Amino acid sequence: MKIEIVPSILSADAGRLTEQVKEAESAGADRIQVDVMDGHFVPNLTFGPLVVEVVRRATSLPVEAHLMVERPERFLEEFAKAGATLIEVQVEATTSLYRTVQTIKELGARAGVAINPATPVDDLREILPYIDLVNVMTVEPGFGGQKFIPHSPEKLRRLRAMSTDVEIEVDGGIDARTAPLVVAAGATVLVAGNSVYGYKGGIAAGIKAIRDAVD
């Protein structure tokens with residue numbers, strides 16, 4: 001199964017966003033992720049639908065919108081219209097997860113859910129048949145550059161045992177050292193921020209380092 005690498009623009013240079021998205025695409029990225037934070041569900045405040053529009057215009061790659069916001073069901077239509085091809089919501093942020101997932105699909109996007117490090121994978125059992133992707137956070141969401149939580153691979157193994165079909169994405173502390181650990185545990189999609197956009201050798205070298213590590 002192909003391992004996909006998804007640069008997160010949370011670590012990109014906002015003043016050169018279009019250029020850096022294009023550079024990631026040229027370097028072999030598979031998707032681009034936009035981390036949406038509201039300052040309530042997580043302490044940071046980041047991007048909205050307008051940034052998704054900018055990224056959508058800059059690349060032909062799929063664009064993920066990871067909504068780390070309270071009551072994400074209020075914003076689904078805006079992000080779908082902005083060009084998000086996959087919309088992820090945090091399971092902890094909504095009391096109507098099934099309806100939210102169904103709405104995402106009705107809007108023409110793929111549906112994903114994300115879980116915080118302390119959320120058990122068993123909480124996903126009922127929703128797994130209805131989603132395309134699970135994003136297992138391997139750091140506490142809210143800020144880039146955090147250290148990978150060591151027990152994360154075991155959590156990924158438990159999730160993979162629950163479903164052989166769903167895409168398993170990991171987000172947080174992913175680099176050439178941790179990528180092989182999560183792939184061996186069942187992950188198929190790797191979100192990388194600092195290890196791509198902050199890599200000393202540049203964006204292309206950062207993506208290559210991760211790709212070489214998992215290949």
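Computed from a predicted structure; not experimentally measured.
No option in Val191, Leu86, Asp35 other than Asp35 meets the side-chain contact (heavy atoms from CB on, under 4.5 Å) test with His66.
We find the CD1-NE2 distance between Ile149 and His151 to be 6.0 Å, quoted to the nearest 0.5 Å. The CZ atom of Arg31 sits 13.5 Å away from the OG atom of Ser8 when rounded to the nearest 0.5 Å. Interatomic distance, CZ of Phe47 versus CD1 of Ile9, reported as 4.0 Å (0.5 Å rounding). In this structure, the separation between CD on Glu78 and CG on Leu50 is 9.0 Å, given to the nearest 0.5 Å. A distance of 5.5 Å separates CD in Glu154 from CZ in Arg157, rounded to the nearest 0.5 Å. Atom CG of Asp171 is separated from atom CD1 of Ile115 by 12.0 Å, given to the nearest 0.5 angstrom.
Taking all atoms of both residues into account, the shortest heavy-atom contact from Ala187 to Val170 is CB-CG1, 4.0 Å. When every heavy atom of Ala29 is checked against every heavy atom of Pro7, the shortest pair comes out as CB-CD, 3.5 Å. The shortest heavy-atom contact between Ala109 and Ala84 is CB-O, 3.9 Å. When all heavy atoms of Arg56 and Thr59 are compared, the closest pair comes out as NH2-O, 2.8 Å. Nearest heavy atom pair, residue Pro117 against residue Val139, reads CG-O, 3.2 Å. Phe79 approaches Gly48 most closely through the heavy-atom pair CE2-C, 3.7 Å.
Distance alone, capped at 3.5 Å, places no donor-acceptor pair between the Thr85 side chain and the Pro62 backbone. A donor-acceptor pair under 3.5 Å is absent between the side-chain atoms of Thr94 and the main chain of Pro72, judged by distance alone. Without hydrogens or angle criteria, Ser163 side chain to Arg160 main chain gives no donor-acceptor distance under 3.5 Å. Checking side-chain atoms of Arg211 against main-chain N and O of Gly28 turns up a donor-acceptor pair under 3.5 Å.
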Task: Worked check of side-chain contact (heavy atoms from CB on, under 4.5 Å) between Ile210 and Ser195 - done: CA-CA 8 Å; Ile210 297 172; Ser195 59; 3.6 Å; yes
Practice prompt. Check the pair Val69, Met37 against side-chain contact (heavy atoms from CB on, under 4.5 Å), reporting the backbone distance first and the verdict last.
Written response: CA-CA 6 Å; Val69 304; Met37 306 180 190; 5.8 Å; no
Exercise for review: Give the C-alpha distance, both sets of side-chain angles, the deciding distance and a yes or no for side-chain contact (heavy atoms from CB on, under 4.5 Å) between Ile104 and Val89.
Suggested key: CA-CA 10 Å; Ile104 292 171; Val89 299; 4.2 Å; yes
Glu4/Leu190 under side-chain contact (heavy atoms from CB on, under 4.5 Å): CA gap, chis, key distance, verdict:
CA-CA 6 Å; Glu4 299 196 3; Leu190 311 179; over 6 Å; no
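Within 6.0 Å of CZ on Arg74 lie more than 12 heavy atoms contributed by other residues, nucleotides or ligands. Atom NZ of Lys81 is surrounded by 12 or fewer heavy atoms from other residues, nucleotides or ligands within 6.0 Å. Glu77 CD: 12 or fewer foreign heavy atoms inside a 6.0 Å radius.
Here side-chain hydrogen bond (donor to acceptor under 3.5 Å, both in side chains) pairs that include residues 112-130, with residues two or more places apart or in two chains, are Gln90-Asn116, Glu92-Thr119, Asp122-Arg125.
Take Asp165 and apply the side-chain hydrogen bond (donor to acceptor under 3.5 Å, both in side chains) test, not counting sequence neighbours, and it matches no residue.
Val183 and Leu133 fall into different hydrophobic clusters, where Ile, Leu, Val, Met, Phe, Trp and Tyr side chains are chained together by heavy-atom contacts under 4.5 Å. In terms of hydrophobic clustering, with Ile, Leu, Val, Met, Phe, Trp and Tyr side chains grouped at heavy-atom distances under 4.5 Å, Tyr199 and Leu17 are assigned to different clusters. Clustering ILVMFWY residues whenever any of their side-chain heavy atoms sit less than 4.5 angstrom apart, transitively, puts Ile168 in the very cluster that holds Val182. Residues Val113 and Val189 do not share a hydrophobic cluster, clusters being chains of Ile/Leu/Val/Met/Phe/Trp/Tyr side chains in contact below 4.5 Å. Hydrophobic clustering (ILVMFWY, side-chain heavy atoms < 4.5 Å, transitive): Leu61 and Val6 are in distinct clusters.
Counting only N and O atoms by type, the side chains of Thr188 and Glu167 include no donor and acceptor under 3.5 Å apart. Donor-acceptor pairing under 3.5 Å is recorded for the side chains of Ser60 and Glu25. Looking only at atom types and distance, the side chain of Asn135 has a donor-acceptor partner in the side chain of Glu88 under 3.5 Å away.
One finds a salt bridge joining Asp212 and Lys208 here, because a Lys/Arg side-chain nitrogen approaches an Asp/Glu carboxylate oxygen to under 4.0 Å.
When side chains are defined from C-beta on, Val121 counts as touching Met162, because their heavy atoms get closer than 4.5 Å. No side-chain heavy atom of Arg110 sits less than 4.5 Å from a side-chain heavy atom of Glu64. Residues Thr100 and Thr103 form no side-chain contact, since every pair of their non-hydrogen atoms from C-beta on lies 4.5 Å or further apart. Side-chain atoms of Ile174 and Ile5, non-hydrogen and from C-beta on, never get closer than 4.5 Å to each other. Counting only heavy atoms from C-beta outward, the side chains of Arg71 and Thr95 never approach each other to under 4.5 Å.
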